Undergrad: 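My structure is below; once you've seen it, I'll send some questions.
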Amino acid sequence: MIESIPLSTSTNLRSCLDQLGTLLGDRLGFGQALREQHSHGESWHPGALPDAVCFPRSTEEVCEIVKVCASHSVPLIPFGAGTSLEGNVHADRGGVCVDLSQMNTIVDVHTEDFDCQVQAGVTRRQLNEYLRDTGLFFPVDPGADATIGGMASTRASGTNAVRYGTMRENVLGLTVVTANGKAMKVGTRARKSSAGYDLKSLFVGAEGTLGIITEVTLRLYPMPEAMSAAVVNFPDVESATKAAITTIQFGIPIARVELMDKQYMGAVNGYSKTDYLERDTLFLEFHGTEAWVAEQAEQFGEIAAEFGGGDFQWAVKEEDRRKLWRARHNAYYAGLAMSPNGKGYVTDVCVPISRLSESIEAVRKDLAETNLVSPILGHVGDGNFHLTIFIDTDDAESLKDAEQLNLRLVKRAIEMGGTCTGEHGVGSGKLKSMKLEHDQESLELMRVLKQTLDPQNIFNPGKVVSI
């Protein structure tokens, strides 16, 4: 591999890559196409090329990679499936991209304890396929077939969060490689603990800025006896949102409740070849016994009717439910298909559910004052919603308008007691928003943690917190 190192590479970096080549052989690459593939996620942010990409297969190899890079002060950028949306995996300062996709072993499943241990490169679909015959499943579903390590790193959530929680609630333990090149185990398989600082939660959501997650212990759940999904239309977004909020406030344990506005419904029909009514719509799913699912559905139907909901389309068979949720998960790509020459400026916020309808209506008014096109979707059961602003990134005026719209969205969410990002993470895209959400003392503590655990600032630099 040594002869493939670009001639322009600095002496220090060349020495680092020489050592990594000896360690990894052909699992270290410098090709332009490979580096471009690892220069970005799925966001609109311009890519930033790493100097090299490596593919470890064990925690021990990650330890050695970290030791080599640390000895040369070369940045390390962990990479999973490349589905992040806020510039989370961009190599803004060059360095070595650590692609964990070949660390995809399901290490152990404890069916009697409802937990499992997996390597970081296992994807959520891979895990659930493996679990199919055990009667268990892993519910966190961000839509994309992300890796478990990446989901832990961004504290992902998704469509099932209203019932089953986010990665924060479902990660029991981690193996993390720290800046000294040693592997540290945090958390246990126990369901609760009072033993010291909660170090596990420090790394969940850290986006690889404090260490590289190599293994994850997860909470699992029994497959429900019955599942029933539905699509229901409403006269407007406000009515749909209020119906969802009322359902939560009444304590109905709905498993999923997703909003897609009529713009998105039109895009989904064109992309997924579906024939849903192009109206503001909720996608729902109920889990439990057959009797309990039927009762939940009836209770929701009564609430929906109060807000003008109707035209229920039910999906009980597994293949029908899969088709319904595939259409929802493909909404982003459906939107991009509407704007073939543009990109999706994707952003999200999360607010207390009592303020959700107000927040959505306010951003719709903001949109009406611009020439921007941005359909809305959201995990309305937990107050999280997304804008996908379709822009031409070469059009400076359009990009500026999108950035201003995002800023107003974020400021309003924070003023309502919410957050600048419910699930996409900070990355580099929401870095400026951290100053709006956190006071100076909190930001300084984050910097102290970063500098203590990563004194050379080599772990995914330029993300989450400014140093």
Side-chain angles (χ1 to χ4, degrees), residues 32-33 35-50 75 77 82-95 97 154 207 261 263-264 266-267 271 331-349 359-378 385-415 419-437 460-467:
Q32 183 72 12
R35 291 164 61 217
E36 287 181 354
Q37 177 189 344
H38 290 80
S39 70
H40 58 86
E42 293 197 6
S43 70
W44 64 273
H45 304 83
L49 289 171
I77 304 92
T83 57
S84 57
L85 294 167
E86 286 290 358
N88 314 70
V89 296
H90 291 43
D92 297 326
R93 304 179 191 181
C97 175
T154 55
E207 300 181 31
D261 72 6
Q263 275 187 297
Y264 250 137
Y271 184 84
Y332 173 65
Y333 305 106
L336 285 180
M338 290 172 55
S339 182
N341 297 320
K343 289 189 177 181
Y345 185 120
V346 183
T347 185
D348 81 311
V349 294
S359 182
I360 291 176
E361 285 305 303
V363 79
R364 284 166 66 87
K365 289 179 181 177
D366 287 344
L367 277 166
E369 297 173 2
T370 72
N371 293 319
L372 298 172
V373 175
S374 180
I376 295 173
L377 59 82
F385 71 98
H386 310 251
L387 294 186
T388 307
I389 310 167
F390 296 106
I391 59 171
D392 178 354
T393 52
D394 293 327
D395 180 349
E397 193 66 29
S398 176
L399 181 57
K400 181 180 178 181
D401 288 345
E403 290 174 339
Q404 289 299 313
L405 178 67
N406 182 41
L407 180 59
R408 290 196 296 274
L409 171 73
V410 166
K411 283 184 175 179
R412 187 182 299 115
I414 292 170
E415 288 167 0
T419 176
C420 65
T421 173
E423 62 182 13
H424 294 172
V426 178
S428 55
K430 286 278 175 73
L431 194 58
K432 293 180 180 179
S433 300
M434 293 288 279
K435 293 181 180 179
L436 300 175
E437 181 167 336
N460 209 7
K463 316 297 167 34
V464 182
V465 61
S466 297
I467 300 297

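None of these values were measured; they are calculated from a predicted model.
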Undergrad: Drop me the distance from I77's CD1 to S39's OG, to the nearest 0.5 angstrom.
TA: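 Taking CD1 in I77 and OG in S39, the distance rounds to 11.0 Å.
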Undergrad: In the structure I gave you, are the side-chain heavy atoms of V89 and K463 within less than 4.5 Å of one another anywhere?
TA: no
Undergrad: Distance-only criterion, 3.5 Å: show the donor-acceptor pairs between side-chain atoms of residues 403-410 and protein atoms not counting sequence neighbours.
TA:
from : atom 1 : to   : atom 2 : distance (Å)
N406 : OD1    : T347 : OG1    : 2.6
N406 : ND2    : Y345 : OH     : 3.4

Undergrad: Partners of E86 by salt bridge (charged side-chain N to carboxylate O under 4.0 Å, His left out), sequence neighbours excluded?
TA: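 Applying salt bridge (charged side-chain N to carboxylate O under 4.0 Å, His left out) to E86 gives K430.
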Undergrad: Knowing that exactly one of Y264, Y332, W44 qualifies, which makes a side-chain hydrogen bond (donor to acceptor under 3.5 Å, both in side chains) with T388?
TA: Y264
Undergrad: Of all the heavy-atom pairs spanning A267 and A334, show the shortest one and how long it is.
TA: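 Heavy-atom minimum between the residues: O-CB, 3.5 Å.
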Undergrad: Which heavy atom of G344 sits nearest a heavy atom of L336, and at what distance?
TA: N-CD2, 3.5 Å
Undergrad: Yes or no on side chain to side chain contact (heavy atoms under 4.5 Å, CB included) for V349 and R412, after CA distance, side-chain angles and deciding distance?
TA: CA-CA 10 Å; V349 294; R412 187 182 299 115; over 6 Å; no
Undergrad: Sequence neighbours left out, what passes side-chain contact (heavy atoms from CB on, under 4.5 Å) with T83? Give chain and number order.
TA: E42, A81, A144, A146
Undergrad: Could you walk me through whether E207 and V426 pass side chain to side chain contact (heavy atoms under 4.5 Å, CB included), step by step?
TA: CA-CA 8 Å; E207 300 181 31; V426 178; 3.7 Å; yes
Undergrad: Quick check for you: to the nearest 0.5 Å, what is the distance between D401 atom CG and T370 atom OG1?
TA: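 Those atoms lie 6.5 Å apart.
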Undergrad: Roughly how far apart are H40 NE2 and S84 OG, rounded to 0.5 Å?
TA: 10.0 Å
Undergrad: Let me confirm one number: the SG-CG distance from C420 to D348, rounded to the nearest 0.5 Å.
TA: 8.5 Å
Undergrad: Is the closest side-chain heavy-atom distance between T419 and E437 below 4.5 Å?
TA: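 Counting from C-beta outward, T419 and E437 do come under 4.5 Å.
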Undergrad: To check you understand the geometry: which heavy-atom pair defines the closest contact between P75 and G94, and what is its length?
TA: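 Scanning both residues, the minimum pair turns out to be CB-O, 3.7 Å.
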Undergrad: Can you sort out the partners of E369 under side-chain hydrogen bond (donor to acceptor under 3.5 Å, both in side chains), two or more places apart, ordered by chain and number?
TA: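 Checked E369 against side-chain hydrogen bond (donor to acceptor under 3.5 Å, both in side chains); zero matches.
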Undergrad: Under 3.5 Å, side chain of K343 to main-chain N/O of H45, donor-acceptor pair present?
TA: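 Judged by distance alone, no pair lies under 3.5 Å.
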Undergrad: Write out all pairs satisfying ring-ring contact (aromatic ring centres under 6.0 Å, His included) with one or both partners inside residues 386-409, taking only residues at least two apart or from two chains.
TA: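 Those involving residues 386-409 are H379-H386, H386-H424.
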Undergrad: Examine distances only and state if a side-chain atom of D392 and a backbone atom of S398 form a donor-acceptor pair shorter than 3.5 Å.
TA: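 Checking the backbone N and O of S398 against the side chain of D392, no donor-acceptor pair under 3.5 Å is found.
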Undergrad: Taking side-chain contact (heavy atoms from CB on, under 4.5 Å) as the test, write out the residues that go with S374, two or more places apart.
TA: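 side-chain contact (heavy atoms from CB on, under 4.5 Å) check on S374 returns L367, L387, I389.
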Undergrad: Within the side chain of D92, is there an N or O that forms a donor-acceptor pair under 3.5 Å with the backbone of A48?
TA: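 No, D92 side chain to A48 backbone: no donor-acceptor pair under 3.5 Å.
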Undergrad: Between L431 and S466, is there a side-chain heavy-atom distance shorter than 4.5 Å?
TA: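 Yes; the side chains approach each other to less than 4.5 Å.
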